[in-house]
Novice: 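Take this structure first; my questions come after.
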Amino acid sequence: MKKLLAKLKNDKNLIRIIYIIGLLGIALIFLSSFFGTDGDDSSYSGDISEYRSAEETRIEKMVESIEGVGDARVLITMENSAEQVYLDKSVVKEIEPTVRGVMIVCRGANNPSIKETVLESVTKALNISSDKVCIAKLKEE
């Protein structure tokens, strides 16, 4: 072991190679922060417009499945983008964007009972207050 350590101290090329490999490793770690990972988990990973679009589609399908609603259109506005919070050196928690408001236009909105059901469903699904939701009747074509 002592011979190996002595040889390492005397071999400057080997020390340079180890130093370069270390720098390359650090550079790869740094560069990996710029590129997303493709995981199959359900956490949000993408840009804000992808997230908003997915939520609009999810809410639209949910609202249209309520009896008496008929066709529906959904628009969601977001307060901020996603944030990554580092809890530990290796643990990152992703915080989803915050919903600012929701506009729902549907055929059954003129019925107070249906309107109330839609309002309750959306506020619970998105965990927002009712003052952030607007429901209007879809025009007849």
Side-chain angles (χ1 to χ4, degrees), residues 1-2 4-141:
M1 187 70 166
K2 288 182 181 180
L4 181 61
L5 288 175
K7 183 174 173 147
L8 284 176
K9 287 181 183 178
N10 293 332
D11 193 357
K12 295 192 186 242
N13 286 334
L14 184 58
I15 291 173
R16 286 183 183 142
I17 291 172
I18 292 172
Y19 182 72
I20 290 171
I21 290 172
L23 287 175
L24 286 173
I26 292 170
L28 287 174
I29 291 170
F30 178 73
L31 288 174
S32 71
S33 67
F34 291 109
F35 303 102
T37 58
D38 291 323
D40 58 345
D41 62 346
S42 62
S43 68
Y44 162 70
S45 60
D47 68 15
I48 189 79
S49 61
E50 290 173 358
Y51 178 79
R52 189 188 77 239
S53 179
E55 285 298 289
E56 287 173 347
T57 301
R58 182 176 73 99
I59 297 299
E60 185 175 302
K61 287 180 180 180
M62 179 198 63
V63 167
E64 286 180 338
S65 69
I66 297 171
E67 188 174 344
V69 169
D71 293 333
R73 307 287 183 274
V74 176
L75 173 70
I76 297 176
T77 56
M78 308 307 288
E79 189 72 36
N80 56 354
S81 61
E83 298 176 32
Q84 290 183 342
V85 177
Y86 294 90
L87 304 175
D88 189 317
K89 287 184 179 180
S90 61
V91 180
V92 178
K93 180 179 179 185
E94 183 136 314
I95 301 173
E96 293 179 345
T98 307
V99 174
R100 181 186 309 157
V102 180
M103 174 69 179
I104 299 171
V105 182
C106 59
R107 295 215 185 274
N110 58 339
N111 182 323
S113 165
I114 293 172
K115 192 172 185 177
E116 182 62 32
T117 302
V118 169
L119 178 65
E120 186 175 342
S121 300
V122 172
T123 57
K124 296 227 188 295
L126 294 174
N127 194 26
I128 58 175
S129 62
S130 60
D131 65 322
K132 292 185 175 187
V133 180
C134 177
I135 302 170
K137 181 163 176 26
L138 184 67
K139 72 177 181 176
E140 299 294 326
E141 293 179 15

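The first residue in the sequence is number 1, and the count goes up from there.
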Novice: Are the side chains of M62 and S121 in touch, meaning some heavy atoms are under 4.5 Å apart?
Specialist: yes
Novice: Is there a side-chain contact between R100 and M78 (heavy atoms, below 4.5 Å)?
Specialist: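 No; the side chains remain at least 4.5 Å from each other.
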Novice: Give a yes or no on whether a salt bridge exists between E64 and K61, defined as a side-chain N under 4.0 angstrom from a carboxylate O.
Specialist: no
Novice: Per the side-chain contact (heavy atoms from CB on, under 4.5 Å) rule, which among V74, V133, I135 passes with V122?
Specialist: V133
Novice: Which heavy atom of R73 sits nearest a heavy atom of D71, and at what distance?
Specialist: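 So the minimum-distance heavy-atom pair works out to NH1-CB, 3.9 Å.
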Novice: Out of curiosity, E60 CD to I76 CD1, how far, rounded to the nearest 0.5 Å?
Specialist: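 One finds 10.0 Å between CD of E60 and CD1 of I76.
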Novice: Return a table of donor-acceptor pairs under 3.5 angstrom between the side chains of residues 102-116 and protein atoms on other chains or two or more places apart.
Specialist:
from	atom 1	to	atom 2	distance (Å)
R107	NH1	K139	O	3.3
N111	OD1	S113	N	2.9
N111	OD1	I114	N	3.4

Novice: Using a 3.5 Å distance criterion without hydrogens, assess whether the side chain of S53 forms a donor-acceptor pair with backbone atoms of E50.
Specialist: no
Novice: Sequence neighbours left out, what pairs pass salt bridge (charged side-chain N to carboxylate O under 4.0 Å, His left out) with at least one residue falling in residues 124-137?
Specialist: K137-E140
Novice: First locate atom CD of E79, then atom CD1 of I128, and finally report the distance between them rounded to the nearest 0.5 Å.
Specialist: 11.5 Å
